[in-house]
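Let me begin by presenting the structure, written as structure tokens, before commenting on it.
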Amino acid sequence: MRTPVNRFPELGRVLPTSDLAGTAVSRPRRGREGAVVAAAFVICLLGGTVRVEDALTAPPLAAYLLALVSAAVLPARHRRPLAVLAATTAAGLAAQPLGLVLSPLVIAPALVAAYACTLHMPGERRAAGAVTLAGVALLAGSVPLAGDLSWQDASRIGSVPAAPLVAGLVGHAARTRRAYLAAVEERARRAEESRELETRRRVAEERVRIARELHDLVAHQITLANAQATVAAHFVDSRPEQTRVSLRELVETTGQALDELRATVGLLRQTGDTDTGVTEGPAPGLARLPDLLESFRRAGLEVTLREEGRARPLPPGVDLTAYRIVQEALTNVTKHASGRGTRVGLDWGGGRLTVTVTDDGGAPTGPPALSDRPPGYGLLGLRERATAVGGDLTAGPREEGGFLLTAHLPVPPVRDTATAEEGRTGHANDGTEGTA
């Protein structure tokens, strides 16, 4: 990415964004570097004004030379911290031979180097060893070359080696804090990436769910409308009365499709604080199965229903899934099957609900089926629905001809169902008695 310097590129050079950022960052850093070097030079020069008898005089030429040499190597402490620490320590050791008092002020550049060494040198143990070695060297160099050892000399001998060790501890603390902040930033970055991936995954899942709902709610109505229009076109000349009946059913089917599409789109456009005025009706279930079968019969499909076992109340999700499976299977028969005879089976045995939809695969008894339509995503969506509620679904051609779809859906135990019904009845009785 490249960012122009001004609105008219021909009037100025175009700089990369990274160059602009590097320029903006380098200026404050250069200012800090200059301040640190200048402060170290001034403090080292002030240390040269101290004499053995604690008198203050003007800094001699040796003090200027020592301060200049020690401060000159400090800008390289980030790249070569060990070499800078060795150079500043050696400069501090030259203080006594030059006639200066070795004090923490004189070794101020060495303290800055010790801080930088523990902050930037790879390996904490190596950095600690280098700072400790510098402290030991300064301890040996702070011993007076001649004369008796006074209390003032003893205090200086103790403070000089301790100063770089303290600077090293401060650098280690800063290094630990930087590592902690870097870890926190990395954790936050990974969390943000995970959040974005999770958001994308949820958006993808929601898109699939919306597509599946639209398919289940509208596609079968459109298929029925197409089948009814085919019936009307087939009998338009030979059976005008049947054509009029098919056209009336076509109007009803398309009207229902429009209502369902309008309701679905209205629900999708709702937000948390906005009400579009569209109310969501109860989700369809097996209770509406007779109406569903009748709509396909009116479209020319011969559908029979066989139910075995004792029916039980189903959870809303399983009830909706069973209804959608039958709906999509009959829609596929209407579109693709050559025969018109279809059997729907509901088996409540074995602690589960087995839904089967079978077409005979024989010769058509009515108008041509919509077999020229390309296959869609109906079976894939049904497998996803069955898996989502803890079931499974298989579909494929039969050996004797036709097509068989079988779905196994979980059913709650009879005891749990009876308990739930008793609880609902008990609540209803309590409310009735209270009202009386």
Side-chain angles (χ1 to χ4, degrees), residues 194 197-223 260 264 267-268 280-289 292-293 296 303 305-337 342-359 373-398 402-417 420:
S194 301
L197 293 177
E198 180 66 17
T199 301
R200 294 174 184 172
R201 185 185 65 81
R202 290 183 178 180
V203 169
E205 291 179 353
E206 187 66 13
R207 291 178 60 186
V208 172
R209 188 191 69 83
I210 292 172
R212 187 165 57 236
E213 290 297 329
L214 287 175
H215 179 276
D216 292 340
L217 289 174
V218 180
H220 84 283
Q221 297 283 8
I222 302 301
T223 301
E260 292 184 358
T264 304
L267 290 174
L268 294 177
E280 182 180 7
L286 293 181
R288 293 173 54 180
L289 187 58
L292 178 66
L293 300 183
F296 281 98
V303 186
L305 174 63
R306 181 180 180 183
E307 190 168 0
E308 298 180 359
R310 178 171 171 266
R312 282 171 276 173
L314 296 175
V318 178
D319 199 15
L320 175 62
T321 300
Y323 179 86
R324 295 302 188 198
I325 288 174
V326 176
Q327 181 187 69
E328 178 61 25
L330 294 179
T331 302
N332 288 338
V333 171
T334 304
K335 291 193 299 184
H336 305 296
T342 307
R343 295 177 297 278
V344 178
L346 299 178
D347 187 355
W348 298 86
R352 61 183 180 179
L353 172 61
T354 301
V355 181
T356 58
V357 180
T358 310
D359 68 88
R373 300 296 180 183
Y377 300 94
L379 291 179
L380 178 61
L382 293 184
R383 288 193 180 94
E384 292 176 351
R385 279 187 177 274
T387 304
V389 297
D392 60 83
L393 183 142
T394 58
R398 301 189 304 164
F403 199 85
L404 172 63
L405 181 145
T406 305
H408 302 287
L409 303 178
V411 176
V414 179
R415 183 176 303 174
D416 295 346
T417 305

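Everything quoted here is computed from the prediction, not taken from an experiment.
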Which atom pair, heavy atoms only, marks the closest approach of [X] to [Y]?
X	Y	result
Phe403	Arg398	C-CG, 4.1 Å
Asp319	Leu286	OD1-N, 2.9 Å
Val355	Ala322	CG2-CB, 4.4 Å

When rounded to the nearest 0.5 angstrom, what distance separates [atom1] in [X] from [atom2] in [Y]?
X	Y	atom1	atom2	result
Asp359	Asn332	CG	CG	10.0 Å
Glu384	Leu393	CD	CG	11.5 Å
Thr331	Phe296	OG1	CZ	3.5 Å
Leu346	Thr354	CG	OG1	9.5 Å

Residue pair [X] / [Y], side-chain heavy-atom distance below 4.5 Å:
X	Y	value
Tyr323	Leu292	yes
His408	Thr406	yes
Leu293	Leu330	yes
Val344	Thr356	no
Ile325	Leu405	yes
Val318	Pro315	yes

Taking Arg385 for the side chain and Gly317 for the main chain, is one N or O donor matched with an acceptor at less than 3.5 Å? no
Quick one: does Asp347's side chain have a donor or acceptor within less than 3.5 Å of a partner on Leu353's backbone? no
Salt-bridge criterion met for Arg306 and Glu308 (N-O under 4.0 Å):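 Looking at Glu308 together with Arg306, the answer is yes, because their closest N to O distance falls below 4.0 Å.
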